[in-house]
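All values derive from a computational prediction rather than experimental measurement.
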Amino acid sequence: MPLALLALAVGAFGIGTTEFVMMGLLPDVADDLHISIPTAGHLVSAYALGVVIGAPLLAAVTARMSRRKVLIALMVLFVAGNALSALAPDYHWLLAARFLSGLPHGAFFGVGAVVATGLVAPERKARSVSLMFLGLTVANVVGVPAATLMGQHMGWRSTFLGVSVIGLLAVLSLALLVPRDGAHTPVAGLRGELAALRSLPVWLALGTTVAGFGALFAAYSYITPMLTDAAGYADSSVTLLLALFGVGATAGNLLGGRLADRSMRGTLFGGLVSLAVVLALFPVLMTAAWSAALAVVLLGTAAFVTSSPLLLMVMEKASSAPSLASSANQAAFNLANAGGAWIGGLVLAAGFGVTSPAVVGAGLAVLGLGVAGVAYVVDRRRAPGAVTGRERVVASYLPEHAESVHH
């Protein structure tokens with residue numbers, strides 16, 4: 001695998017760290033800025049809103065630019081957002097800085113996925129995407145716990161300064177390792193790229209992402225009370241258990257990338273079925289400490305098996321706008337984050353028990369499986385012999401990459 005994938009993974013590591021570290025720093029931020037914890041929670045929402053808005057917008061605006069330059073520029077914006085977070089004088093400035101930090105998130109993964117798949121042979125596309133996302137999953141194992149400890153002992157501002165340093169390392173890695181490429185002219189222009197997102201197959205693929213990862217976040221958003229109230233763990237053990245989730249997510253991401261290169265649709269269906277089964281078993285698994293720890297690992301594994309095939313499917317269905325489509329998939333992921341947490345909160349508030357969000361998550365996974373099934377039927381009805389989106393995506397990038405490598 002090309003070293004350029006390492007540069008993408010470093011950027012993903014920084015993004016994953018800053019996305020999830022705020023959850024562990026909310027009490028510190030609230031105390032320092034003299035706000036309530038619910039008010040501090042809006043800082044998480046501000047970042048997610050930045051992702052949803054920035055993902056398709058920045059991907060569309062930069063569609064004609066060199067993808068290498070776009071990746072570097074997005075990471076510079078990421079560094080600026082985190083540095084401003086560290087220097088924010090009050091809550092409102094921090095809220096704006098978190099929004100700014102989220103803007104490049106989706107576009108980075110979107111453009112990065114196109115670059116990653118163009119660096120390798122067609123039969124290794126899914127693995128290349130999984131290696132880029134490896135930085136995101138490893139962030140949950142190493143980056144988030146380390147950054148949380150740094151914030152708790154050195155002040156929350158030090159965390160965002162540390163993330164800014166990671167971003168600068170990513171900028172350097174991208175500049176050194178990603179091959180140079182020229183400006184791009186979209187096949188159908190900006191209007192045509194936006195039109196590519198109006199097709200039914202694209203929306204079915206995005207709907208699968210929202211339902212599938214909504215299933216994950218319906219449960220994961222409330223994993224702490226499940227572990228403490230149902231499984232009997234002490235509060236001090238939760239950080240280690242969340243690291244186990246990161247281990248499972250890393251394993252699932254790598255496994256999904258390898259399997260998807262053999263059968264993208266089969267990997268997606270298998271991952272969603274596994275996710276539904278694991279979540280449905282949560283009420284039983286959370287009755288003992290050892291099985292609860294196993295459930296956390298299995299949850300991460302089952303959910304992230306689907307990450308590579310979902311992203312590639314969206315790129316295939318919008319083959320004339322792969323960067324925009326894969327960026328939109330990141331927006332869908334964050335909608336799943338917000339929507340899953342909201343639905344899980346509803347069943348908790350209704351008094352159905354601490355593990356009830358996982359059962360609802362199982363239902364969402366089944367819904368995602370149903371949407372994926374409809375997408376399969378739609379694909380089967382396509383005219384035989386049509387050029388597939390996979391071939392167009394690869395063809396759209398490989399000649400440019402080959403030329404850049406030659407020079």
Side-chain angles (χ1 to χ4, degrees), residues 10-62 70-110 136 139-140 143-172 174 217 221 327 330-331 333-335 337-338 341-342:
V10 172
F13 179 83
I15 289 173
T17 300
T18 201
E19 179 180 17
F20 293 106
V21 74
M22 182 56 76
M23 286 76 158
L25 295 178
L26 285 183
D28 303 89
V29 174
D31 288 342
D32 185 55
L33 298 181
H34 308 292
I35 57 175
S36 66
I37 288 183
T39 300
H42 295 160
L43 296 168
V44 177
S45 303
Y47 184 93
L49 181 62
V51 178
V52 173
I53 293 176
L57 178 63
L58 292 179
V61 169
T62 60
V70 170
L71 288 171
I72 293 173
L74 290 171
M75 194 49 58
V76 168
L77 181 61
F78 172 81
V79 171
N82 282 278
L84 289 173
S85 296
L87 300 173
D90 57 35
Y91 166 72
H92 294 97
W93 279 100
L94 181 57
L95 193 70
R98 286 293 291 171
F99 175 79
L100 180 65
S101 300
L103 285 176
H105 176 130
F108 180 87
F109 282 112
L136 183 66
N140 284 282
V144 173
T148 301
L149 287 174
M150 179 186 294
Q152 291 171 344
H153 290 88
M154 301 173 61
W156 61 268
R157 296 177 188 275
S158 66
T159 294
F160 294 109
L161 287 176
V163 172
S164 299
V165 172
I166 297 173
L168 289 174
L169 291 175
V171 170
L172 181 61
L174 292 167
F217 286 111
S221 300
S327 298
Q330 292 302 308
F333 180 88
N334 278 268
L335 286 175
N337 188 339
W342 177 68

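Listed by first and then second residue, the salt bridge (Lys or Arg N to Asp or Glu O under 4.0 Å) pairs that reach into residues 148-171 are D32-R157, sequence neighbours excluded.
A distance of 11.0 Å separates CG of L169 from OG of S164, quoted to the nearest 0.5 Å. We find the CD1-CG distance between I35 and L94 to be 7.5 Å, quoted to the nearest 0.5 Å. Atom NE2 of H105 and atom OH of Y47 lie 5.0 Å apart (nearest 0.5 Å). With rounding to the nearest 0.5 Å, the separation of CG in L84 from CG in L100 is 6.5 Å. To the nearest 0.5 Å, atoms CG (D28) and CE (M22) are separated by 10.0 Å.
Counting all heavy atoms, side chain and backbone alike, A107 lies closest to A59 at CB-N, 4.2 Å. The two residues I166 and G14 have their closest heavy-atom pair at CG2-CA, 3.7 Å. Here the shortest heavy-atom pairing between F108 and A12 reads CE2-N, 4.0 Å. The two atoms that bring G143 and F13 nearest to each other are CA-CZ, 3.6 Å, heavy atoms only.
In this structure a side-chain-to-backbone donor-acceptor pair under 3.5 Å is missing from N334 to N337. Proximity of a side-chain donor or acceptor of T159 to a complementary backbone N or O of A147 within less than 3.5 Å is detected.
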Side-chain donor/acceptor pairs under 3.5 Å, residues 71-82, sequence neighbours excluded:
residue : atom : partner : partner atom : Å
N82     : OD1  : T18     : OG1          : 2.6
N82     : ND2  : F78     : O            : 2.9

Review item, side-chain donor-acceptor pairs of residues 48-55, under 3.5 Å, at least two apart:
none

| field | side chain to side chain contact (heavy atoms under 4.5 Å, CB included) assessment of Y91 paired with L43 | value | CA-CA 9 Å; Y91 166 72; L43 296 168; 4.0 Å; yes
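Residues W156 and L33 form a side-chain contact, since some pair of their non-hydrogen atoms from C-beta on lies under 4.5 Å apart.
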